[in-house]
Colleague: 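Structure in structure tokens, see below.
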Amino acid sequence: MAIFNNQSLPTSSAKYLQLAEMIRQAIRNGQLLANDKLPSVKSIGQDMQINRHTVMKAFAELIAEGWIESKQRVGYKVVANLPIENSRAVGVSPTPQPLFDFNLVREGMSLSERRSEKFEYNFSGGQPDLSLFPFDEFRRHMANVLARPQVSQMSYGDSAGLPELIEQVKIYLRKSRAITNREVVITNGSQEALYIIAQLLLQPGDQVATENISYPPAISTFKNAGASIVGIKQDKLGLVPEDLADKITGGKIRLIYLTPLHQYPTTVTLPVSRRMKIYQLAYQYKIPIIEDDYDHEFHYRCQPLAPMASEDPQQLIIYMSTFSKVMFPGARVGILAISQSLAKAVIQYRLLICHKSNVLMQAALAKWMASGDFSRHLRRMTRNNLVRRDHAASILQNTSCFEFTLPDGGMALWVKLIPPNITASHLAEKAKDMNIYIQHETQYQLSPDNNQDRYLRIGYAGMNENKFAMGIEALVKIIQALHEETK
Ligand SMILES: Cc1ncc(COP(=O)(O)O)c(C=O)c1O
């Protein structure tokens with residue numbers, strides 16, 4: 001314990017009294033809290049190079065004064081009710097002191113979006129059902145990793161990711177997404193990949209183009225790098241290439257951010273013809289495209305469209321994906337599949353942030369992928385999410401409160417509220433009071449001018465059918481009550 005480490009006692013008064021005063025002082029200033037266990041007599045004696053009897057005498061003094069007590073099988077501990085008022089007993093705040101005021105020159109992102117899991121009904125669109133993750137199966141791969149640790153990987157180096165995982169990811173991208181001939185870098189989730197790309201490619205004054213309704217964490221990351229955002233029109237088929245063309249010619253667009261397979265948050269799949277037009281524009285004006293393929297596996301109508309990165313002779317597409325939806329967000333495993341030169345820059349930039357990432361998780365994931373268990377899990381999850389999508393669609397249709405187009409894939413429905421006079425943001429706010437978390441259009445609109453405040457994003461993958469139906473029933477009751485109020 002730091003209180004006793006390398007400390008020598010002051011020279012005046014008896015040693016045991018000095019030690020007792022040191023401990024009292026540690027309790028007064030909060031280094032030791034109520035119920036904290038004290039180090040053993042022997043270890044204090046050794047650390048401070050004093051006789052054990054001196055320590056025992058100091059403890060006896062403190063026991064007599066009511067600061068500490070001796071408990072069988074526990075040893076000595078600070079008492080639960082301390083004898084002074086200004087000591088920091090559990091739950092008692094210290095006397096307030098004016099704290100240092102930091103001059104922050106940059107802002108991060110608000111956390112409120114991330115707290116959806118606290119609600120009884122969590123309709124967050126990106127939420128996988130964690131109860132379906134095969135933790136037992138994964139534990140076996142993790143146990144295997146721990147049983148035969150690769151000691152050479154436990155140190156620094158390899159900021160690109162664990163070579164075995166990179167190998168597995170390359171195989172997976174080649175077989176399931178037709179992505180070949182690219183360098184793969186493993187990141188701490190795709191958010192870290194977005195951050196690094198933004199830092200490497202953007203500077204103040206640059207513009208980033210994305211749909212008028214887009215993914216807020218990406219937007220915040222681009223802004224943090226000094227860029228401003230240019231909203232591009234979108235319709236039922238997704239981003240409108242003609243509007244992108246207009247805005248490219250008149251502006252300083254240096255990067256395009258897209259989620260082509262299931263546009264975030266509207267779920268629309270960008271058709272091939274539009275992808276080609278966008279690619280041509282990007283090539284003509286030398287603008288890289290981030291293709292964020294965050295939920296590729298969950299496509300139900302047909303095989304998912306191959307990513308734009310699979311037909312990218314110039315390698316101008318910065319392809320990213322994540323294991324957050326097929327595993328769980330806490331795994332923090334993201335993928336970048338990019339050109340060799342960009343990969344080199346990313347790997348070097350990663351050294352600035354975190355040296356390398358979680359080797360144990362990456363090794364277990366590599367084993368899980370190599371074993372075939374991963375593919376089985378993906379098939380199970382995709383089947384399951386399809387059933388949940390269809391169930392969600394029929395529940396929502398029966399309410400007569402929502403209008404929507406059935407998406408080809410993803411984990412959420414983008415629905416329009418039918419009852420007039422109720423805004424989506426107001427409904428979402430009221431829903432919170434009833435323990436329901438639901439996302440709404442205002443959270444995603446880049447500009448208030450476009451905001452109709454009528455759309456909700458209703459995630460269906462995160463809870464079972466029964467719970468989904470109960471949550472929607474509760475939501476409909478709120479809609480009915482609001483409708484009555486506004487009549
Ligand atoms: C559009 C989009 N990109 C990426 C992610 C995943 O981010 P991460 O890999 O950092 O968990 C999400 C998850 O919600 C998402 O919706």
Side-chain angles (χ1 to χ4, degrees), residues 108-117 122-130 133 161 165 169 173 184-198 208 210-222 224 229 234 238-239 255-270 289-299 304 307-309 317-337 346 350 353-354 357-358 361-362 365 381 385 407 409-414 437-439 443-444 446 457-462:
M109 211 166 34
S110 152
L111 269 177
S112 56
E113 260 282 311
R114 299 278 168 218
R115 303 188 66 201
S116 57
E117 58 288 341
N122 177 8
F123 287 107
S124 165
Q127 182 70 26
D129 188 344
L130 299 190
F133 185 75
L165 182 59
V169 168
L173 292 183
V184 166
V185 182
I186 308 294
T187 55
N188 285 314
S190 43
Q191 188 58 33
E192 186 188 77
L194 274 172
Y195 180 79
I196 295 174
I197 295 297
V208 179
T210 186
E211 296 93 341
N212 275 327
I213 309 180
S214 186
Y215 180 52
I219 303 303
S220 303
T221 307
F222 303 140
N224 182 273
I229 311 297
Q234 61 202 118
L239 182 140
L255 188 62
I256 299 170
Y257 172 76
L258 298 176
T259 43
L261 187 62
H262 306 127
Q263 201 268 337
Y264 190 98
T266 63
T267 73
V268 172
T269 301
L270 192 66
I289 298 175
I290 294 180
E291 180 176 24
D292 181 354
D293 200 11
Y294 59 103
D295 61 355
H296 185 92
E297 293 74 13
F298 304 141
H299 200 80
M308 293 173 76
I317 306 250
I318 299 165
Y319 181 80
M320 64 178 65
S321 192
T322 180
F323 284 82
S324 290
K325 313 293 167 187
V326 293
M327 291 180 75
F328 43 87
R332 301 320 298 144
V333 185
I335 300 168
L336 269 174
V346 169
R350 279 202 87 224
I353 307 176
C354 62
S357 26
N358 187 333
M361 172 56 86
Q362 293 196 12
L365 178 53
M381 291 295 284
N385 285 347
M411 300 160 78
L413 297 165
W414 183 246
Y437 177 84
I438 199 149
Q439 295 161 318
Q443 292 171 282
Y444 308 110
L446 294 184
R457 181 170 155 88
I458 301 188
Y460 54 76

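In each ligand, atom 1 is the first atom listed, and ligand 1 is the first ligand listed. Source: prediction; values computed, not measured.
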Colleague: Atom 15 (C) of ligand 1: which of F328, F323, Y215 has the nearest heavy atom?
Modeller: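 That would be Y215.
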Colleague: State whether the side chain of Q263 and the backbone N or O of I213 hold a donor-acceptor pair below 3.5 Å, judged by distance alone.
Modeller: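 Yes; judged by distance alone, with no hydrogens or angles, the pair exists.
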Colleague: Let me see the working for E297 and M381 under side chain to side chain contact (heavy atoms under 4.5 Å, CB included), right down to the final yes or no.
Modeller: CA-CA 9 Å; E297 293 74 13; M381 291 295 284; over 6 Å; no
Colleague: In sequence, state the C-alpha distance, the side-chain angles, and the governing distance for R457 and Y264, and then conclude on side chain to side chain contact (heavy atoms under 4.5 Å, CB included).
Modeller: CA-CA 10 Å; R457 181 170 155 88; Y264 190 98; 3.2 Å; yes
Colleague: Show the atoms of ligand 1 that are less than 4.0 angstrom away from any heavy atom in D292.
Modeller: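 Checking each atom against D292, I get 1 (C), 2 (C), 3 (N), 4 (C).
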Colleague: Is Y257 touching ligand 1 with its side chain, its backbone, both, or neither, if touching means heavy atoms under 4.0 Å apart?
Modeller: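 It is the side chain that touches ligand 1; the backbone stays farther off.
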Colleague: Could you grab the distance from atom CG of L336 to atom OG1 of T322, nearest 0.5 Å is fine?
Modeller: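 So the CG of L336 and the OG1 of T322 are separated by 11.0 Å.
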Colleague: Using a strict cut-off of 4.0 Å, indicate which atoms of ligand 1 neighbour a heavy atom of R332.
Modeller: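 Close to R332: 8 (P), 10 (O), 11 (O).
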Colleague: Please verify whether a non-hydrogen atom of M320 lies at under 4.0 Å from ligand 1.
Modeller: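 No, that is not the case, since the closest heavy atom of the residue is not under 4.0 Å from the ligand.
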Colleague: Could you tell me whether E192 and R350 make a salt bridge, using a distance below 4.0 angstrom between a side-chain N and a carboxylate O?
Modeller: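 Yes, this pair counts.
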Colleague: Verify, without hydrogens or angle tests, whether E291 (side chain) and M308 (backbone) share a donor-acceptor contact under 3.5 angstrom.
Modeller: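 Indeed, once roles are kept as given, a pair shorter than 3.5 Å links the two residues.
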Colleague: Report, in ascending order of atom number, the atoms of ligand 1 lying under 4.0 Å from any heavy atom of G189.
Modeller: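 Every atom of ligand 1 under 4.0 Å from some heavy atom of G189: 9 (O), 10 (O).
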Colleague: So how far is it from Y319 OH to D292 CG, rounded to the nearest 0.5 Å?
Modeller: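 It is 9.0 Å, given to the nearest 0.5 Å.
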Colleague: Where's the contact between S190 and ligand 1, heavy-atom distance under 4.0 Å: side chain, backbone, both or neither?
Modeller: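 S190 to ligand 1: contacts from backbone and side chain alike.
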Colleague: Can you list the atoms of ligand 1 that are under 4.0 Å from a heavy atom of K325?
Modeller: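 Listed by number with element, the hits are 12 (C), 13 (C), 14 (O).
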Colleague: Judging by distance only, is a nitrogen or oxygen of S324 under 3.5 angstrom from one on ligand 1?
Modeller: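 Right, the criterion is met.
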